[in-house]
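To keep things clear, I will list the structure first and then write my remarks on it.
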Amino acid sequence: MGLQWGDEGKGKVVDVLTPNYKVIARFQGGPNAGHSLHFNGTSFVLHTVPSGIFRDGSVNVIGNGVVIDPVILADEIAQIEKTGVDVRSKLFISKKAHLILPTHRILDAASEAAKGGSKIGSTLKGIGPTYMDKTGRNGLRVGDILSPEFKERYERLKAKHADMLRQYNYEYDITEYEKEWFAGIEKLRQFPFIESEQVVNDYIDHDVAILAEGAQGSMLDIDFGTYPFVTSSNTLCAGVCTGLGVAPGRIGDVYGIFKAYCTRVGSGPFPTELFDQTGETLRQVGREFGATTGRPRRCGWLDLVALKYSVMMNGVSSLIMMKADVLNDFDTIKVAVAYKLNGEETTQFPYEINDGVEPVYKEFKGWKCNINDIRKYEDFPAEFKEYVEFIETTCGVPVRIISVGPDREETILR
Ligand code: GDP
Ligand code: IMO
Ligand code: MG
């Protein structure tokens, strides 16, 4: 689970953990996600395909809670196939996953344009409109591709969207994208469409370990994130229950992933955001530019008020700290331990987050050395350990994995 505003490094963590898991499953979100993997000198960004795809013998499931753009998925599969991976034997798609239509993308753009200055800063992949059609009970699902009425149902939904777009007075042309979309549908037909809830529960019955790969982050959750500046799915651990069909009691360890600082792309509250040179340094050193949209990410100090809230909401049992190396050169490092709201201090994440809160910081002495080559926790400098141990004490959960670089190997297990 990503515990912040996305891009915590979930792709890397899943890739590192896959040797311990047979099945890797995505349960929510869609191509708004961009998960980066680095190994053997190469790098890859995955949007819809689970990050276990490069490991031999893995089973990769796209669950019912995911929304799929056939153009993006087909392209992603083609890119992976080029590396020699036999995707067809390793990728399984839920019949109940919803399809992102070309007009969903246009609706996303039209809705954002209409919002003007208060836009969400969506990735414009059609995520919101697709989930709206899902909850509005109008959506098309992967299983519908097999129906003889698929084209007719597609046209009906497209016509409904055209009506909506007339209201927006929004000009668009989907001729080219629509061609690619149907080509993508044909590509998807080569893959097994499954009842993923049955398959996943069957594996659990046989004690096969499953790794559910979150997308986005807790602070972008539709219910508990910084609404309305959120995505349209439940990004929390609870999303695994509905997005994969796993009963709450069958969920085991919950790995919560966070960066040693904070980033956010798109609009919305970000209490510890830095607008000065320090923020710029984090962006440059951390290469904080979106994996999906290329947009510069907003950067700031670690926010323990928000992190504690995420730990609580997910039931995190192990923390994983990413990008610790990005802080190597700082003289001092700050973390927000409380917010000031209407003159009062609180350590509870408030409903009024959109009204502006002032972070209360605790300052740490920087370690001022290169930690990228360290592979044992004991070898970290004292200042670094103090930082880690403060985070785990505050959150009440151990930090079990520390990442000091993008590569698989740059990982310390505690
Ligand atoms: P995700 O969406 O959560 O999978 O994260 P992204 O892939 O969007 O963004 C994380 C970025 O940080 C990617 O470019 C990773 O290669 C990179 N990254 C991951 N872990 C580390 C780390 O420990 N140190 C550094 N410097 N980069 C990292
Ligand atoms: P990963 O999985 C970071 C953000 C967008 C926008 C808001 C709504 O790579 O961590 P949407 O397109 O979902 O309607 O956009 O959510 N957002 C992400 N930010 N990482 C992501 O995914 C994101 N997915 C969506 O920037 O602010
Ligand atoms: Mg990302």
Side-chain angles (χ1 to χ4, degrees), residues 1-16 26-39 42-48 50-51 66-67 69 100 104-105 107-109 111-112 115 119-132 213-222 225-233 235 257-270 282 284-298 320-328 370-372 374 401-412:
M1 317 301 316
L3 298 182
Q4 295 159 323
W5 282 277
D7 302 327
E8 295 88 352
K10 298 174 290 295
K12 166 172 171 170
V13 171
V14 172
D15 180 57
V16 166
R26 279 278 307 268
F27 59 90
Q28 47 70 232
N32 48 349
H35 296 179
S36 322
L37 320 184
H38 293 261
F39 53 90
T42 59
S43 53
F44 225 93
V45 180
L46 296 169
H47 300 287
T48 316
S51 300
V66 176
V67 290
D69 183 330
I100 303 176
H104 280 132
R105 290 166 62 98
L107 279 167
D108 202 354
S111 158
E112 285 285 79
K115 284 196 163 103
K119 69 174 184 181
I120 309 290
S122 122
T123 58
L124 302 178
K125 302 292 178 202
I127 305 295
T130 307
Y131 278 115
M132 277 166 71
E213 172 178 5
Q216 290 79 57
S218 304
M219 303 315 289
L220 291 170
D221 181 88
I222 181 73
T226 50
Y227 192 90
F229 301 100
V230 293
T231 190
S232 297
S233 63
T235 60
I257 307 169
F258 69 101
K259 279 184 207 182
Y261 50 97
C262 268
T263 64
R264 168 163 209 169
V265 245
S267 333
F270 180 1
L282 284 172
Q284 294 307 330
V285 178
R287 298 182 190 214
E288 296 295 356
F289 298 89
T292 295
T293 57
R295 291 178 290 179
R297 294 174 182 149
R298 301 156 62 192
I320 302 184
M321 184 164 101
M322 310 301 290
K323 302 191 95 159
D325 54 300
V326 174
L327 300 180
N328 282 348
N370 187 330
I371 55 169
N372 306 45
I374 292 178
I401 300 179
I402 294 167
S403 172
V404 292
D407 197 87
R408 257 183 203 170
E409 305 303 321
E410 292 168 304
T411 313
I412 294 95

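For ligands, and for the atoms within them, numbers begin at 1 and follow the listed sequence.
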Note to self: Regarding R297 and D7, does a basic nitrogen lie under 4.0 Å from an acidic carboxylate oxygen?
What the structure shows: yes
Check: Are K259 and E288 within salt-bridge range, i.e. N to O under 4.0 Å?
Finding: yes
Do any N or O atoms from the side chain of [X] and from the backbone of [Y] form a donor-acceptor pair under 3.5 angstrom?
| X | Y | result |
| --- | --- | --- |
| S218 | G2 | yes |
| S43 | L37 | no |
| R298 | G266 | yes |
| T130 | G126 | yes |
| Q216 | W5 | no |
| K10 | G34 | no |
| R264 | S267 | yes |

Less than 3.5 Å apart, any donor N or O on the side chain of [X] or [Y] sitting next to an acceptor on the other?
| X | Y | answer |
| --- | --- | --- |
| N370 | D325 | no |
| R295 | T123 | no |
| Q28 | Y131 | no |
| E213 | H35 | yes |
| K12 | T411 | yes |
| T231 | N32 | yes |
| D15 | S51 | no |

Interfacing atoms of ligand 2 (cut-off 4.0 Å, heavy-atom, [X]):
| X | answer |
| --- | --- |
| A33 | 1 (P), 2 (O), 9 (O), 22 (O) |
| A215 | 2 (O) |
| K10 | 1 (P), 2 (O), 10 (O) |

Going by the atom numbers of ligand 1, which of them fall below 4.0 Å from some non-hydrogen atom of [X]?
| X | value |
| --- | --- |
| K12 | 20 (N) |
| M322 | 20 (N) |
| H38 | 16 (O) |
| G405 | 20 (N), 21 (C), 22 (C), 23 (O), 24 (N), 25 (C) |

Which residue supplies the protein heavy atom nearest to [atom], what is that atom called, and how far is it?
| atom | answer |
| --- | --- |
| atom 26 (O) of ligand 2 | R295 NH2, 2.9 Å |
| atom 26 (N) of ligand 1 | D325 OD2, 2.8 Å |
| atom 10 (C) of ligand 1 | D7 O, 3.7 Å |
| atom 6 (P) of ligand 1 | G34 O, 3.5 Å |
| atom 13 (O) of ligand 2 | T231 OG1, 2.6 Å |
| atom 7 (O) of ligand 1 | S36 OG, 2.5 Å |
| atom 11 (C) of ligand 1 | K323 NZ, 3.6 Å |
| atom 15 (O) of ligand 2 | S122 CA, 3.4 Å |
| atom 19 (N) of ligand 2 | V265 CG2, 3.4 Å |

Given side chains that start at C-beta, do those of [X] and [Y] come closer than 4.5 Å, heavy atoms only?
| X | Y | result |
| --- | --- | --- |
| M321 | I401 | no |
| V326 | L282 | yes |
| L3 | I257 | no |

Please determine if [X] has a nitrogen or oxygen closer than 3.5 Å to a nitrogen or oxygen of ligand 2.
| X | answer |
| --- | --- |
| S232 | no |
| K125 | no |
| T123 | yes |
| G34 | yes |
| R264 | no |
| L220 | no |
| D7 | yes |

If we only count N/O pairs under 3.5 Å, is [X] in contact with ligand 1?
| X | result |
| --- | --- |
| G6 | no |
| S403 | yes |
| G11 | yes |

Margin query: Within the structure, is a non-hydrogen atom of R297 found at a distance of less than 4.0 Å from ligand 1?
Written below: yes
Check: Does ligand 1 have any atom sitting under 4.0 Å from a heavy atom of G2?
Finding: no
Check: Applying a strict 4.0 Å limit to heavy atoms, is G217 in contact with ligand 2?
Finding: no
Notebook entry, point to check: Non-hydrogen atoms of V230 versus ligand 2: any pair closer than 4.0 Å?
Noted result: yes
Next item on the list: Measure from atom 1 (P) of ligand 2 to every heavy atom in R297, Q216, E213 and give the option owning the shortest one.
Entry: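 Closest candidate by heavy-atom distance is Q216.
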Next item on the list: Select the closest option to atom 6 (C) of ligand 2 among G225, G121, G266, judged by heavy-atom distance.
Entry: G121
Next item on the list: Specify side chain, backbone, both or neither for W5, according to which of its non-hydrogen atoms lie closer than 4.0 Å to ligand 2.
Entry: backbone
Item checked: Any residue meeting side-chain hydrogen bond (donor to acceptor under 3.5 Å, both in side chains) with Q4, in chain and number order, not counting sequence neighbours ->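 Listed in chain order: nothing, the list is empty.
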Next item on the list: Identify the two heavy atoms, one from V45 and one from S36, that lie closest to each other, and give their separation to 0.1 Å.
Entry: CG2-OG, 4.2 Å
Notebook entry, point to check: At under 4.0 Å between heavy atoms, which part of V404 makes contact with ligand 1: side chain, backbone, both or neither?
Noted result: backbone
Item checked: For ligand 1, the portion of H35 having any non-hydrogen atom under 4.0 Å away -> both
Checklist line | Considering only N, O or S atoms of D7, the one closest to the Mg ion (ligand 3) | finding: OD1
Check: Hey, is the Mg ion (ligand 3) within less than 2.8 Å of some N/O/S atom on K10?
Finding: no
